[in-house]
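Notes follow once the structure below has been shown.
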Amino acid sequence: MRVYNTLTQSKVEFIPREEGKVSIYVCGPTVYNYIHIGNARCYLSFDVIKRYLKFKGFDVYHVQNFTDVDDKIINQAKKEGIPASEVAEKYSQGFIEDSKALKFDPPDIRPKATEHIPEMIEMIQGLVDKGFAYVEDGDVYFEVGKFDEYGKLSHRKLDEMEAGARVEVDERKRNPFDFALWKKAKEGEPSWSSPWGDGRPGWHIECSAMSLKYLGRSFDIHGGGQDLIFPHHENELAQAECYTAESPFVRYWLHNGFVTLTGDKMAKSVGNVVLLKDVIKKYDPMVVRMLFLTTHYRSPIDFSEEKLKESTRSYERLNNLVGNIDRVLKKREEKVSRLEPGRDVIVLKAFIENGEPEFVEAMDDDFNAPDALGGLFKAARDINTYLASYDEFSLDELDMLQDIKELFIRLGGAVGLEFTSFLSPEDVDEEWREERRAVMLSGLAKFAGVNVKDAGVLFNRDFPGFVKKFVDLRAAKRAEKEWQTADTIRAFLDSQDILLEDTAAGTLVRIRRLIV
RNA sequence: GGCGAGGUACCCAAGUGGUUAAGGGGGGGGUCUGCAAAACCUCUAUUCACCGGUUCGAAUCCGGUCCUCGCCUCCA
């Protein structure tokens, strides 16, 4: 397996510190707002990477922090008129809810910065003791000039940066790029006591302290968005390697590309953010996953409503394969013929034999999900073609189709895509039914003349039977060639997310899963 | 100014030296169907921003030109 390492700017063979185990740290959110689509892409990219590593058999230990003390949180607290700790709590919960909605595989631990102040102080003290940091009137700064390799991650040199940089001039800093490890407390802000007086940690130290604590020295993967390369990860690396006197702090630095909106980077500072929680009100979270899987994780991706619609269609295409196979598998209960001599099952065998190796080959090349998905789409077409070619299938073929379905679901799962069979009226839950109760009862009254009370009883006791009333009624109308009425009934059910498909085997009922 | 990424069909997007340039979406035509849906078939890039070069052979390597985006300041 090869991964692109930002440190070396090249794809390199992935060899974890300990055979069979992978330690991974993904920079978590600074909790002062709900996450937007750009943030979501980062967490989704690393969710895919993590899932794939697990799929490959690695024992993955995943740490994701909450940065719950920071200037931005303090500002937001002033804006909302609540304590900073409440702001942090509110948006930490929001993040966990968003993560669940997108079906992120939860991290093994979610450490919070405020619960690791002693570890940070210890680390800062160590840096001061070793001469990498200096104290100025209650502030502590890391002195970048003391670390010869400063800039090795972001591939820039201090003197080059100084030439063009617009860096705030701070007389107390020895170099404009020196950064705060500890900030002296200001009135009314959260603070902790330290050897340098009351204060709070600077931005980068929390990630170094927590990653070293939970993953140890020289862990495998550190991930984040490309905008974290400088200064955040550069500074984390500098602190950690100076503190431990060991290199590398991180074996593989992985960074995802940005989400843009009509060509501009989506960022709070630009003011063009689309919040994830708003998107998933309207679109299935699987569609969001699909959207990001169809572009390589390091490439930029332009977000739009149109793309979500395309992704809905393409996700349905893959998902429908499972439903299509299931329809055929039901034939197992019916009469089946022997495998016809000469029937060419090479298409089925091809996916069973090559589906996984091809998928793995693509993913092993720096997690090339678009390429891997290409194979699934191709397989879906081939198998649909096969299904459409025959009316009857032998037991051997049904066994193969069962294997294909399981493999398809397993490969989707390796990148977090869930494929499910078609839902039918017996699969819907209480909430789903209740949302549609009033309309559906009056619908049955209107089309079948059943009074609302009787309809209500049937609705409660036997919802599939309730739906069948419509289907039967429509069948009768069709038999009488009353197409208008039949189509009105179908349109009515469609408005309630119940889809009818007339096939040779009769009218099939399925529930719309995806919201468009 | 420094550094980095990239320009592949109507849109999105894989492919980084060698058979017919994956795949998705959209559109045209067709099959099935009363219609629709789903699914299938078929067409939609002799060509990969442009110009040179290397090579038996390049979208892929080299040089140049044009353009886009990002980082260098909080940002995933």
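Here is how names work: the chains are called A, B, and so on, in the same order as the sequence lines, proteins then strands, and each is numbered from 1.
Secondary-structure annotation of RNA chain B gives the stems B:1-7 with B:66-72, B:10-12 with B:23-25, B:26-31 with B:39-44, B:49-53 with B:61-65, with a stem taken as at least 3 successive Watson-Crick or G-U pairs whose two distances both fall under 3.5 Å.
The separation of B:G30 from B:U16, taken at their P atoms, amounts to 39 Å, rounded to a whole angstrom. Between B:U73 and B:C51, the distance separating the two P atoms is 39 Å to the nearest Å. Across the C1' atoms, B:U33 and B:A39 are found 12 Å apart, a figure rounded to whole Å. Going from the C1' atom of B:G7 to that of B:C12 covers 14 Å, rounded to whole Å. B:C62 and B:C69: their P atoms are spaced 25 Å apart (whole Å).
Looking at heavy-atom distances under 4.0 Å, A:R478 makes contact with a base. A:M290 comes within contact range of no nucleotide atom at all, as no heavy-atom separation falls under 4.0 Å. Heavy atoms of A:R474 sit under 4.0 angstrom from at least one base atom. Contact annotation for A:S269: base contact, defined as any heavy-atom pair under 4.0 Å involving a base atom. A:L500 comes within 4.0 angstrom of a base, heavy atoms only. Across all strands, A:E306 comes closer than 4.0 Å to no nucleic acid atom at all (heavy-atom distances).
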Listed pairs, N/O of protein and of nucleotides 41-43 of chain B, under 3.5 Å:
{"unit_1": "B:C41", "atom_1": "OP1", "unit_2": "A:T385", "atom_2": "OG1", "d": "3.3"}
{"unit_1": "B:C41", "atom_1": "OP2", "unit_2": "A:R381", "atom_2": "NH1", "d": "2.6"}

Anything under 3.5 Å between a protein N or O and an N or O of nucleotides 13-17 of chain B, put it in a table, one pair a line.
{"unit_1": "B:A14", "atom_1": "OP1", "unit_2": "A:H296", "atom_2": "N", "d": "3.0"}
{"unit_1": "B:A14", "atom_1": "O3'", "unit_2": "A:N368", "atom_2": "ND2", "d": "2.9"}
{"unit_1": "B:A14", "atom_1": "O2'", "unit_2": "A:D371", "atom_2": "OD1", "d": "3.4"}
{"unit_1": "B:G15", "atom_1": "OP1", "unit_2": "A:N368", "atom_2": "ND2", "d": "2.7"}

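A donor-acceptor contact under 3.5 angstrom links the side-chain atoms of A:D502 to the base of B:C35. Put simply, the side chain of A:R490 and the base of B:A36 share a donor and an acceptor less than 3.5 Å apart.
For B:A38, the OP1/OP2 oxygens have no side-chain nitrogen or oxygen of A:R510 closer than 4.0 Å. Between A:N320 and B:A38 there is no side-chain polar atom (N or O) within less than 4.0 angstrom of OP1 or OP2. Contact check, A:K378 against B:G24: no side-chain N or O comes under 4.0 Å of OP1 or OP2. Dashed line: the shortest gap from a side-chain N or O of A:K265 to OP1 or OP2 of B:C71 is under 4.0 Å.
Between A:F470 and A:F447, the ring planes are perpendicular. Angles over 60° get that label, and only those under 30° would be called parallel.
At a threshold of 4.5 Å between non-hydrogen side-chain atoms, the residues A:S314 and A:F377 count as touching.
With sequence neighbours excluded, the residues forming a salt bridge (Lys or Arg N to Asp or Glu O under 4.0 Å) with A:E189 are A:R200, listed by chain and number. Under the ring pair (Phe, Tyr, Trp, His ring centres under 6.0 Å) criterion, A:Y4 pairs with no residue at all, not counting sequence neighbours. For A:D68, the salt bridge (Lys or Arg N to Asp or Glu O under 4.0 Å) test picks out no residue, with sequence neighbours left out. Evaluation of the ring pair (Phe, Tyr, Trp, His ring centres under 6.0 Å) rule for A:Y25 yields A:H222 as partners, not counting sequence neighbours.
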- Evaluate the criterion salt bridge (Lys or Arg N to Asp or Glu O under 4.0 Å) for residue pair A:D139 and A:R172; output intermediate values, then yes/no. CA-CA 10 Å; A:D139 289 333; A:R172 299 175 307 167; 2.9 Å; yes
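For residues 31-39 of chain A, proximity to RNA chain B is found at A:H36, A:G38, A:N39, defined as any non-hydrogen atom under 4.0 angstrom from a strand atom. Within residues 101-113 of chain A, no residue places a heavy atom under 4.0 Å from RNA chain B.
Note that A:R343 lies in the cation-pi zone of A:Y390, set by a 6.0 Å cut-off to the ring centre and a 45° limit from the axis.
A:F258 does not qualify as a stacking partner of the B:A76 base, lacking a centre-to-centre distance under 5.5 Å together with planes within 30°.
Residue pairs meeting the salt bridge (Lys or Arg N to Asp or Glu O under 4.0 Å) criterion with at least one member in residues 292-302 of chain A, sequence neighbours excluded: A:R298-A:D366. Residue pairs meeting the salt bridge (Lys or Arg N to Asp or Glu O under 4.0 Å) criterion with at least one partner in residues 262-276 of chain A, sequence neighbours excluded, are A:D227-A:K265. Within the structure, the salt bridge (Lys or Arg N to Asp or Glu O under 4.0 Å) test picks out the following pairs touching residues 28-51 of chain A (sequence neighbours left out): A:D47-A:R51, A:D47-A:R289, A:K50-A:D105.
When each of A:G224 and A:R156 is assigned the nucleotide of RNA chain B bearing its nearest heavy atom, the one mapping closer to the 5' terminus is A:R156.
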